[in-house]
Amino acid sequence: MKEQLRQAILTALRECYADGRLTSGFVPEEVQLEVPKNAQHGDFATNLAMLLAKPERRAPRAIAETLSRALQDHQLCDKIEIAGPGFINFRLRSACWYEVLDRIMQQGGQYGRCDIGAGTRIQVEFVSANPTGPLHIGHGRGAVVGDAVAAVLAAAGFDVQREYYVNDAGNQVQTLGLSILLRLRELQGRAIDFPADGYQADYIRDLARQYRDENGDPVDLTEAEAIDSCARFGVTKILKWIEADLQAFGIRFDNWYSEKSLYDRSMVEQELAELAEKGLSYRRDQALWLKTTEFGDDKDRVLIKSDGSHTYFASDVAYHMEKFERGFDRVIDVWGADHHGYIPRMKAMLAGLGHPPEALEVLLIQMVNLLRDGKPFTMGKRSGNFITLREVIDEVGSDACRFYFLMRRCDSQLDFDLELAKQQNSDNPVYYVQYAHARVCSINRNAEKDGYAVPEAGAAELDRLVLEEELALAKQLARFPETVAGAALHYEPHRVIFYLQDLAAQFHSYYNRHRVLVDDKKNDRSASVSGECRSYRAGQRVDPVGYVGSGTDVKKPPGLRIPSATRIVVHSRGKPVSAKGRE
RNA sequence: GGCCCCGUAGCUCAGCUGGAUAGAGCAACCGCCUCCUAAGCGGUAGGUCUUGGGUUCGAAUCCCGACGGGGCCGCCA
């Protein structure tokens, strides 16, 4: 709808230039159309005349006058007004909104999709938690945001892949292997000396027990082989947990990408060779450094440590280059905010290897403060004292949990109170939206029960929707596609959440004020628009003060005198719809 | 010391990449179930958009500087 109007304005603008009513020839990149906050300003407003003021060297209101005359007879518009410093306000015909409703009925679940992303391949990499322990609540936020960003991108027509990068090659995995091995020996009754940086949590003991049950004791193996065997076992098991937890959260990845496979395929070596060839790396203090400072980083970064082992950065370089080799036009990484210092070196690396830094978008997810009844929890994977994501999902529920994580922009910190999220009452915004849906379902259910046929798309008598609230609902529904598109282009899925809350609020309000299931013959809805004011004094009905407005817009007529201590109640269809208090 | 995020109603936060009288939920107060789900609705009250400059027709929004809160800054991951 918005697009149609935008095109109409552009056409009018060109016509004005063609016949000399306007002279500058200035055409803005995009005609800005916004929905005014105040409904009296119409359905859409544009600031075009104000933008033209300078190139045309005329007053904005005069330009607005010219433009609005050019648009006057357009079939979309019911009314065009010039207001304020030079806004042009448009009120669209009701038929426009019926068209939207028709489209929704025809498109069903496809409604809201668009093709602005068509032809662009995007990869969203998220979670990517180390496979050394269960996911915790902080991972949960990143998981939901990543999944939701991928979802809105897909809805906007982008070709999206969800990927989980498995860090199965670093020190932490060795530590995991050692921790399991030591617990295994403990099971055998041997004395162990558990290192401070080992994984202390109970699940390590569980893994040790499982290892023994499935593989027996690794007696024939050397120490290093045993650690390796335990590590592989642990990683496999833990990844299964993670996958199951994410599935309980409604998240599925298209691809699980192993860091180790980069080494197995010599990808890291190839990358290092390419960097050396381009003169981007050098040796110092027995370590290999990447010249990231040449591309905006504040210091050079180590690729190979002096002990000969690779840093994570080394494999990240290879990994990200490989993403582009796989043909993605854009790559989104969802990281915890504590990794923000990592961004400059990644962008520098991309620039050094000939990719535009904008091709990598990093979404930083701020911390989650986990609370219970307002009291904070502290978390630390190694201390063994943490709440897993699974526990939270089991306690709060997947939908409520996802909703909570999406309620805030991802770059602001989030307080997550378990008790609050669990409450199934009005304190909890999740149920507000669900309740609106429940009421719609209930109407449909009752309609069917009463023998009403649900109309097919295109066959509904939409012109029976004449109430202000009904048109307002249609207008809100019309905004869904642009909401989704905006959420996709800005990587801000929380916009959809706010949209849904607004939509639900409008529906609840409408639902409360007007019945949907009525007998059309007995109850002429178009006649019910008018309101009536009744006045009461000391509890007694006194003379009606008269008709003073329509729909929700009921005003005291000018000049009308209302005696003191009079109670004004607005009625619609004989039912009280609002109480004005005492005058 | 350098860097990132935040600062909007008593609390938690929106504010659509500069627009008209700054919004919502919770908490408070007053009302609404003979009627499609009261998990709801209507109303009242609540604001120096932290602060000081700048940019322009116009700033909560953009720029610079303070102040306050949180976080990061290793040949850790």
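All values below were derived from every heavy atom in this structure, side-chain atoms included, with hydrogens, water molecules and symmetry-related copies excluded. A, B, ... follow the sequence lines: proteins, then strands. Residue 1 opens every chain.
- A:Asp417 comes within 4.0 angstrom of nothing in the nucleic acid, heavy atoms only.
- A donor-acceptor contact under 3.5 Å is not formed by the side chain of A:Asp298 with the base of B:rG2.
- The pairing partner recorded for B:rG52 is B:rC64, the criterion being a Watson-Crick or G-U wobble arrangement whose two distances lie under 3.5 angstrom.
- Residue-level contact check: A:Arg301 touches neither bases nor backbone, having no heavy atom under 4.0 Å from any strand.
- Across all strands shown, the partner of B:rG23 is B:rC13, judged by Watson-Crick or G-U wobble contacts whose two distances both fall under 3.5 Å.
- Residue contacts for A:Glu34: at a heavy-atom cut-off of 4.0 Å it reaches a base atom on one of the strands shown.
- Nearest-nucleotide assignment on RNA chain B puts the 5′-proximal partner with A:Ile443, out of A:Ile443 and A:Gln286.
- To the nearest angstrom, C1' of B:rA77 lies 12 Å from NE2 of A:His136.
- Looking at A:Lys347, its side chain does come within 3.5 Å of a backbone N or O of A:Pro357 through a donor-acceptor pair.
- Counting non-hydrogen atoms under 4.0 angstrom, A:Asn444 reaches nothing in the nucleic acid.
- If you check every strand for non-hydrogen atoms under 4.0 Å, A:Ala436 touches nothing.
- If A:Tyr312 and A:Met407 are placed on RNA chain B by their nearest nucleotide, the residue sitting closer to the 5' end is A:Met407.
- In this structure, A:His508 does not count as stacked on the base of B:rA38 under the 5.5 Å centre distance and 30° plane angle limits.
- Among the heavy atoms of the strands, none lies under 4.0 Å from A:Ala53.
- For A:Asp338 against B:rA77, no side-chain N or O and base N or O form a donor-acceptor pair under 3.5 Å.
- Across the strands present, B:rG58 finds no partner; the criterion is a Watson-Crick or G-U wobble pair with both atom distances under 3.5 angstrom.
- The number of heavy atoms from other shown groups lying within 6.0 Å of NZ (A:Lys291) is above 12.
- Residue A:Ser306 is classed as a base contact, given a heavy-atom separation below 4.0 Å to a base.
- Figure legend. B:rC3 is base-paired to B:rG71; pairs are counted as Watson-Crick or G-U wobble with both atom distances under 3.5 Å.
- Residue A:Ala337 is out of contact with every strand shown, counting any heavy-atom pair closer than 4.0 Å.
- Annotation: side chain of A:Glu81 is not in contact with side chain of A:Phe87 (no heavy-atom distance under 4.5 Å).
- At the heavy-atom level, A:Phe87 lies under 4.0 Å from base atoms of the strands shown.
- In this entry B:rC29 has B:rG43 as its Watson-Crick or G-U wobble partner, both defining distances falling under 3.5 Å.
- At a cut-off of 3.5 angstrom, the base of B:rG40 holds at least one donor-acceptor pair with the side chain of A:Asn512.
- Defined by atom type and a distance below 3.5 Å, a donor-acceptor pair is missing between the side-chain atoms of A:Glu259 and A:Tyr319.
- Looking at heavy-atom distances under 4.0 Å, A:Lys2 makes no contact with the nucleic acid at all.
- Across all strands shown, A:His494 has heavy atoms under 4.0 Å from sugar-phosphate atoms exclusively, and none from any base.
- When heavy atoms are screened at a 4.0 angstrom cut-off, A:Tyr432 is found touching the sugar-phosphate backbone but no base atom.
- A distance-only check finds no donor-acceptor pair linking the side chain of A:Asp450 to the backbone of A:Tyr452 [under 3.5 Å].
- Partner A:Asp43 forms a salt bridge (Lys or Arg N to Asp or Glu O under 4.0 Å) with one of A:Lys475, A:Arg479, A:Lys79 and no other, that one being A:Lys475.
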